[in-house]
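Worth saying up front: this structure is predicted, and the values here are computed from it rather than measured. Chain identifiers are assigned alphabetically (A, B, ...) following the order of the sequence lines, protein sequences preceding nucleic acid strands; residue numbering begins at 1 within each chain.
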Number of protein chains: 2
Amino acid sequence: MVWRALFRGFIQVHILHHAREHPVYGSWLIDELARHGYTLSPGTLYPILHRMEEDGLLSSTHQVIDGKRRRYYTITSAGEQALKEARRQAIELAKEIVPAQDLGNCDTDTQEKQ
Amino acid sequence: MVWRALFRGFIQVHILHHAREHPVYGSWLIDELARHGYTLSPGTLYPILHRMEEDGLLSSTHQVIDGKRRRYYTITSAGEQALKEARRQAIELAKEIVPAQDLGNCDTDTQEKQ
DNA sequence: TATATTAATATCGATTGTCGATATCGATTT
DNA sequence: AAATCGATATCGACAATCGATATTAATATA
């Protein structure tokens with residue numbers, strides 16, 4: 001699709017969100033993001049994780065679980081900051097482009113027609 | 001900021017949104033986006049507009065208004081499709097990463113603590 | 001009718017990011 | 001020790017980003 005480019009940032013926000021809830025690793029993220037409608041190959045995801053770590057948004061450690069060697073990523077405080085900012089912008093974006101009722105607003109007086 | 005990269009797609013979604021409401025031109029968009037917290041230079045914006053037109057999301061015409069030669073962009077039907085998809089994803093994203101009450105949800109039973 | 005001014009748009013080149021395909025790694029099983 | 005398997009890393013071609021700078025065309029001024 002032409003509009004893949006629109007969602008590159010969304011992917012990183014999702015990653016930060018998950019990494020805030022619990023440590024995450026690459027191939028789990030691939031599955032999880034696919035569940036959200038973002039299909040991306042390892043060759044796309046791993047460089048993104050590397051850069052996000054390099055930028056100080058994530059930190060990682062090696063672990064062996066069930067005999068599988070994984071690199072678990074956790075959010076850093078800089079990452080939390082970025083996620084906070086992303087939340088602000090996501091609210092902004094959603095409120096601007098999405099009709100109020102689609103966001104779960106039940107104050108029918110303030111609904112806007114489009 | 002390190003997290004500029006997270007919002008590249010947001011910018012394009014905003015552009016589609018505005019271009020759906022009325023024809024828009026470059027330097028107006030620069031001001032409008034700045035109002036939303038996205039500062040970007042002409043050298044960043046114009047290539048984005050060119051690509052979006054090339055991709056068939058926008059179409060443009062020259063017009064002279066108040067003695068100013070402007071290129072007005074309008075959304076195409078492919079652009080509407082992309083915006084529709086962006087709405088879906090923006091809702092998804094917002095609902096996942098943002099506490100419900102921050103989106104205007106007044107169903108207090110389903111509020112989630114974080 | 002030249003020239004200065006101005007808002008708007010376009011281009012440039014260096015850097016960085018994306019992507020699918022392929023390679024590698026290391027723990028476990030056979 | 002060879003094969004398997006899940007997971008991670010790398011590669012190279014291509015595309016996008018960015019600030020700085022140049023160009024454009026309409027108007028105002030001389």
Side-chain angles (χ1 to χ4, degrees), chain A residues 1-16 18-19 22-34 37-74 82, chain B residues 1-16 18-19 22-34 37-74 82:
Chain A
M1 306 293 169
V2 163
W3 59 70
R4 274 291 291 270
L6 305 194
F7 305 127
R8 284 184 198 128
F10 285 39
I11 289 170
Q12 296 182 48
V13 176
H14 262 113
I15 293 172
L16 285 176
H18 289 302
H22 50 79
V24 296
Y25 62 97
S27 71
W28 180 85
L29 277 171
I30 288 178
D31 294 343
E32 175 64 20
L33 291 169
Y38 307 103
T39 62
L40 69 175
S41 70
T44 303
L45 178 65
Y46 287 105
I48 289 174
L49 292 175
H50 297 167
R51 184 166 36 78
M52 289 177 75
E53 179 166 24
E54 194 172 331
D55 287 346
L57 304 178
L58 298 174
S59 73
S60 74
T61 60
H62 267 114
Q63 286 184 44
V64 176
I65 306 256
D66 292 335
K68 283 133 192 178
R69 185 180 141 280
R70 296 172 180 162
R71 179 178 290 273
Y72 278 91
Y73 289 89
T74 314
Chain B
M1 305 293 168
V2 163
W3 59 71
R4 273 292 289 269
L6 305 195
F7 304 127
R8 282 182 201 132
F10 287 39
I11 289 170
Q12 295 182 49
V13 175
H14 263 112
I15 292 172
L16 285 176
H18 289 303
H22 51 76
V24 296
Y25 62 96
S27 70
W28 180 85
L29 277 171
I30 287 178
D31 294 344
E32 176 63 20
L33 291 168
Y38 306 103
T39 62
L40 68 176
S41 70
T44 303
L45 178 64
Y46 287 104
I48 288 175
L49 291 175
H50 297 166
R51 184 167 37 77
M52 289 177 75
E53 180 166 25
E54 194 174 330
D55 287 346
L57 304 178
L58 299 175
S59 72
S60 73
T61 59
H62 267 114
Q63 286 184 45
V64 176
I65 304 256
D66 292 336
K68 283 133 192 178
R69 184 179 141 281
R70 294 172 180 162
R71 179 177 288 274
Y72 278 91
Y73 289 88
T74 314

Without swapping roles, check the side chain of A:Q12 against the backbone of B:A5 for a donor-acceptor pair under 3.5 Å.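 Side chain of A:Q12 to backbone of B:A5: no pair is present.
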Do [X] and [Y] have side chains that approach each other closer than 4.5 Å (heavy atoms only, starting at C-beta)?
X     : Y     : result
B:S27 : B:Y46 : yes
A:I11 : A:T44 : no
B:L58 : B:I15 : yes
B:R4  : B:L40 : yes

In terms of the angle between their ring planes, are B:H14 and B:H18 parallel, tilted or perpendicular, with boundaries placed at 30° and 60°?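 Ring orientation, 0 to 90° scale: parallel.
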If you apply the rule side chain to side chain contact (heavy atoms under 4.5 Å, CB included), what do you find for A:I48 with A:M52, and how did you get there? CA-CA 6 Å; A:I48 289 174; A:M52 289 177 75; 3.8 Å; yes
Starting at atom [atom1] of [X], determine the distance to atom [atom2] of [N], rounded to an integer number of angstrom.
X     : N      : atom1 : atom2 : result
A:F7  : C:dG17 : CZ    : C1'   : 18 Å
B:D31 : C:dA7  : CG    : P     : 12 Å
A:Q12 : D:dT17 : CD    : P     : 13 Å
B:R70 : D:dT24 : CZ    : C1'   : 15 Å
A:I15 : C:dT18 : CD1   : P     : 10 Å
A:Y38 : C:dT18 : OH    : P     : 14 Å

Which is it for A:Y72 and A:I65 under the side chain to side chain contact (heavy atoms under 4.5 Å, CB included) test, yes or no, and what are the steps along the way? CA-CA 11 Å; A:Y72 278 91; A:I65 306 256; 3.7 Å; yes
Can you tell me if the side-chain N/O atoms of A:Y46 get under 4.0 Å from OP1 or OP2 in D:dA9?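 Checking A:Y46 against D:dA9: no side-chain N or O falls below 4.0 Å of OP1 or OP2.
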Please confirm whether the shortest side-chain N or O distance from B:R71 to OP1 or OP2 of D:dT24 is below 4.0 Å.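 It does not, given that no N or O in the side chain of B:R71 lies less than 4.0 Å from OP1 or OP2 of D:dT24.
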List every contact pair, protein side and nucleotides 18-20 of chain D side both N or O, where the distance is under 3.5 Å.
{"residue": "D:dC18", "atom": "OP1", "partner": "B:R4", "partner atom": "NH2", "Å": "3.4"}
{"residue": "D:dG19", "atom": "OP2", "partner": "B:S41", "partner atom": "OG", "Å": "3.0"}
{"residue": "D:dG19", "atom": "N7", "partner": "B:S41", "partner atom": "OG", "Å": "3.4"}
{"residue": "D:dG19", "atom": "O6", "partner": "B:G43", "partner atom": "O", "Å": "3.3"}
{"residue": "D:dA20", "atom": "N6", "partner": "B:G43", "partner atom": "N", "Å": "3.4"}

Where do B:L6 and A:L16 land on the side chain to side chain contact (heavy atoms under 4.5 Å, CB included) test, with the steps shown first? CA-CA 10 Å; B:L6 305 195; A:L16 285 176; 4.0 Å; yes
Contact list for DNA chain D against residues 49-69 of chain A - heavy-atom distance below 4.0 Å: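 Going residue by residue through residues 49-69 of chain A, the ones with a heavy atom under 4.0 Å of DNA chain D turn out to be A:H50, A:K68, A:R69.
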